[in-house]
Amino acid sequence: MTSAYTYKSRTKVVICLIAARRHVRIGNILCRLPRGYGVNTLSKSRPHTPAISGGLKNKQELGLKMGTIWSGGHKSREEIEMALSKVKEVVSSNPVVVFSKTYCGYCKRVKQLFKELNVSYKLLELDEESDGSEIQSALAEWTKQTTVPNVFIGGQHIGGSDAVMEKHRAGKLVPMLTEAGAIANNSAQLSSI
């Protein structure tokens with residue numbers, strides 16, 4: 001793994017080449033660079049600063065390109081607190097909640113699985129919500145998970161796509177969903193067939 005450092009603003013930005021994929025680590029969040037963005041050659045005037053193609057200058061601009069938790073720029077503590085209370089209200093009032101983004105392949109996997117299982121769930125597409133970046137920041141603060149999908153069943157944080165798929169493979173997902181009231185009892189499903 002190759003890494004280079006730059007100290008723009010107060011956040012350490014690390015450019016990593018991992019198995020020919022381009023990633024950027026900002027703080028402790030690893031983000032994949034979109035197509036066309038990557039590390040060019042090192043700057044001659046600042047040999048320890050990577051040149052990022054596409055003209056990205058800071059974490060806010062990178063967030064705008066990638067849809068990270070910095071997408072909306074700086075968020076005040078009040079905005080995050082308001083989003084956190086909204087998130088907790090949605091989670092407590094729905095048996096299953098999926099925080100997602102429309103373009104995310106991992107989110108599509110979870111939504112497809114829930115469709116196949118006939119799960120009734122509350123879906124919040126963060127890229128379509130006016131306060132989506134604040135909600136994602138609030139989720140990161142509450143669950144320590146910065147990515148989507150972010151899934152809750154029966155008020156309990158399950159995790160992302162991998163965690164949901166693992167529970168499904170282990171046979172634990174359907175009982176959790178049934179207990180939460182998101183799908184009908186298995187025996188009821190069998191008798192209606």
What heavy-atom pair brings [X] and [Y] nearest, and what distance separates the two atoms?
{"X": "S120", "Y": "V96", "value": "O-CB, 4.1 Å"}
{"X": "L123", "Y": "S100", "value": "CD1-CB, 3.7 Å"}
{"X": "G171", "Y": "P175", "value": "O-CD, 3.4 Å"}
{"X": "V164", "Y": "F114", "value": "CG1-CE1, 4.1 Å"}
{"X": "K108", "Y": "T102", "value": "CE-O, 3.2 Å"}
{"X": "V87", "Y": "L139", "value": "CG1-CD2, 3.6 Å"}

[X] with [Y], same ILVMFWY side-chain cluster at under 4.5 Å:
{"X": "Y121", "Y": "V148", "answer": "no"}
{"X": "M176", "Y": "V119", "answer": "yes"}
{"X": "V151", "Y": "V90", "answer": "no"}

Considering only NZ, NE, NH1 and NH2 on the basic side and carboxylate oxygens on the acidic side, decide whether K111 and E125 come within less than 4.0 Å.
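Looking at K111 and E125, the cut-off is met.
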How many angstroms lie between atom [atom1] of [X] and atom [atom2] of [Y], to the nearest 0.5 angstrom?
{"X": "E166", "Y": "I158", "atom1": "CD", "atom2": "CD1", "result": "12.5 Å"}
{"X": "L126", "Y": "S137", "atom1": "CG", "atom2": "OG", "result": "10.0 Å"}
{"X": "S133", "Y": "I80", "atom1": "OG", "atom2": "CD1", "result": "9.0 Å"}
{"X": "N150", "Y": "W142", "atom1": "CG", "atom2": "CH2", "result": "9.0 Å"}
{"X": "S161", "Y": "R109", "atom1": "OG", "atom2": "CZ", "result": "3.5 Å"}
{"X": "I153", "Y": "L177", "atom1": "CD1", "atom2": "CG", "result": "4.5 Å"}

Who are the salt bridge (Lys or Arg N to Asp or Glu O under 4.0 Å) partners of E129, not counting sequence neighbours?
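Expected list: K86.
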Test your reading of the model: is there a side-chain donor-acceptor pair from E128 to the backbone of G132, 3.5 Å cut-off?
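Pair absent, no side-chain N/O of E128 close to backbone of G132.
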Would L113 and M165 satisfy side chain to side chain contact (heavy atoms under 4.5 Å, CB included), going step by step from the backbone distance to the final call?
CA-CA 8 Å; L113 175 64; M165 295 302 172; 3.8 Å; yes
Is there a side-chain contact between I135 and F99, using heavy atoms and a 4.5 Å cut-off?
yes
When you compare the side chain of L124 with that of K122, does any pair of heavy atoms fall below 4.5 Å?
yes
Start with the C-alpha gap between E79 and M82, add the side-chain angles, then the distance that decides, and say whether side chain to side chain contact (heavy atoms under 4.5 Å, CB included) holds.
CA-CA 5 Å; E79 290 173 319; M82 284 176 42; 5.8 Å; no
Are there over 12 heavy-atom neighbours, none belonging to E81, within less than 6.0 Å of that residue's CD?
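Enclosed: over 12 neighbouring heavy atoms sit under 6.0 Å from CD of E81.
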